[in-house]
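I have placed the structure first, in the form of structure tokens, so that the comments after it can refer back to it.
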There are 2 protein chains.
Amino acid sequence: MKADAVRGHLDGLLLAVLEQGPLHGYAIITAVRERSGGVLDLRTGTIYPALNRLERVGLLGSDWDAVGERRRRAYHLTDAGRASLAEERSSWREFTAAIGSVLDPAGHVRPAT
Amino acid sequence: MKADAVRGHLDGLLLAVLEQGPLHGYAIITAVRERSGGVLDLRTGTIYPALNRLERVGLLGSDWDAVGERRRRAYHLTDAGRASLAEERSSWREFTAAIGSVLDPAGHVRPAT
DNA sequence: CCTCGATATGTTGGCTGCCAATAGATAGCA
DNA sequence: TGCTATCTATTGGCAGCCAACATATCGAGG
């Protein structure tokens with residue numbers, strides 16, 4: 001998978017892995033990697049600025065917790081974040097349907113949801 | 001749909017619409033728009049440089065044909081282009097599977113290929 | 001005790017690749 | 001005589017992700 005394939009879909013990924021509970025940055029990277037079967041490997045230079053941005057616009061909240069001497073910042077979804085995640089999912093469906101129907105016009109007919 | 005959503009998937013789109021026969025640039029834009037149900041609306045500043053690039057690397061060939069006084073450049077797939085299209089399709093599948101499994105881990109389980 | 005890899009957070013600079021804006025020409029219709 | 005559709009093409013800009021870098025704690029093994 002080429003490096004910056006997640007371009008334009010990063011926010012959705014971050015919101016999605018936080019849906020089931022708070023995680024800190026490093027754990028988010030691990031979660032995305034595992035849930036994608038090892039295909040998606042996000043970099044710190046990618047997610048930390050993104051997490052800050054999502055918090056700034058109110059989709060995420062964060063709390064510092066201490067593990068021994070070490071500090072972790074655990075991010076969690078806000079209500080706005082949950083709503084945004086729903087939007088990301090529906091626009092993802094629209095996106096894949098659009099590209100898919102051009103890429104493979106015959107093969108992507110699907111039963112109505 | 002956000003403007004530059006096709007980022008990273010443009011080549012596949014162009015190759016795919018040319019699979020069934022040669023088209024000129026303007027017709028490619030129309031074809032993509034129609035096959036995507038009006039969702040994807042490529043700009044000339046997007047496709048003309050892309051078509052040139054694909055020709056330069058040998059995935060497309062082109063011929064000028066005259067319609068009255070007007071000149072059109074019809075692009076067609078080369079053998080390498082056809083092979084590349086197959087690769088684009090499989091990497092598209094990998095891509096959607098990866099993002100999909102993170103975005104919606106429960107809902108995209110599919111029978112083994 | 002000391003080193004090394006894993007864990008953990010963050011910043012900066014740069015580049016890729018698409019878009020918006022612009023330009024110009026033909027053709028047909030009202 | 002315009003106005004819209006058809007048709008090709010270039011240029012500048014910038015969003016957004018990554019690579020590289022910087023820093024620190026922790027546990028395990030030698």
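Everything numeric here is computed off the predicted structure, so don't read it as measured data. In what follows, every chain begins at residue 1, and chains take the letters A, B, ... in the order their sequences are listed.
- Counting to the nearest Å, the P atom of D/dA5 and the CG atom of B/Asp41 are 13 Å from each other.
- Checked against C/dC18, C/dA21, C/dG10, the side chain of B/Thr46 finds its nearest nucleotide in C/dC18.
- Atom CG of A/Leu13 is separated from atom C1' of D/dC17 by 13 Å (rounded to the nearest Å).
- Only at 4.0 angstrom or more do the heavy atoms of residues 14-27 of chain B sit from any atom of DNA chain C, so none qualifies.
- Between B/Val39 and A/Phe95, every side-chain heavy-atom pair lies at or beyond the 4.5 Å cut-off.
- Which of C/dA21, C/dT9, C/dT26 sits closest to the side chain of B/Glu69 comes down to C/dT26.
- Nearest heavy atom pair, residue B/Gly25 against residue B/Ile47, reads O-CD1, 3.3 Å.
- Residue A/His9 contributes atom NE2, which lies 9 Å from atom P of D/dC17 at whole-angstrom precision.
- Under 4.0 Å is where a charged nitrogen must lie from a carboxylate oxygen, and between A/Asp11 and A/Arg53 at least one such pair does.
- At whole-Å resolution of the value, CD1 in B/Ile47 and P in D/dT10 are 12 Å apart.
- In this structure, B/Glu55 and B/Leu51 have side chains that are not in contact, with every pair of non-hydrogen atoms separated by 4.5 Å or more.
- Atom CG of B/Asp63 is separated from atom C1' of D/dT8 by 16 Å (rounded to the nearest Å).
- Put simply, CG on B/Leu51 is 16 Å from P on C/dG17, counting in whole angstrom units.
- Closest to the side chain of A/Arg70, out of C/dT11, C/dT7, C/dT16, is C/dT7.
- Nearest-nucleotide assignment on DNA chain D puts the 5′-proximal partner with A/Pro49, out of A/Gly68 and A/Pro49.
- For B/Leu10, taking side-chain heavy atoms from C-beta onward, the closest of the listed nucleotides D/dT8, C/dC18, C/dT9 is C/dC18.
- The shortest distance between the side-chain N/O atoms of B/Arg43 and the OP1/OP2 oxygens of C/dA20 is below 4.0 Å.
- Between the C1' atom of C/dA8 and the CG atom of A/Leu42 lies a distance of 16 Å, rounded to the nearest Å.
- Along DNA chain C, the nucleotide closest to B/Arg53 and the one closest to A/Asn52 are compared, and the more 5′ of them pairs with A/Asn52.
- Contact of the A/Ser84 side chain with the A/Leu15 side chain is registered, since non-hydrogen atoms from C-beta on lie closer than 4.5 Å.
- For B/Leu54 and D/dA9, the CG to P distance is 14 Å, given to the nearest whole Å.
- For the pair A/His76 and A/Asp63, the minimum side-chain heavy-atom distance is below 4.5 Å.
- Closest to the side chain of A/Tyr48, from the set D/dA9, C/dG10, D/dC7, is C/dG10.
- Contact annotation: the side chain of B/Leu10 approaches that of B/Leu42 to within less than 4.5 Å [non-hydrogen atoms, C-beta and beyond].
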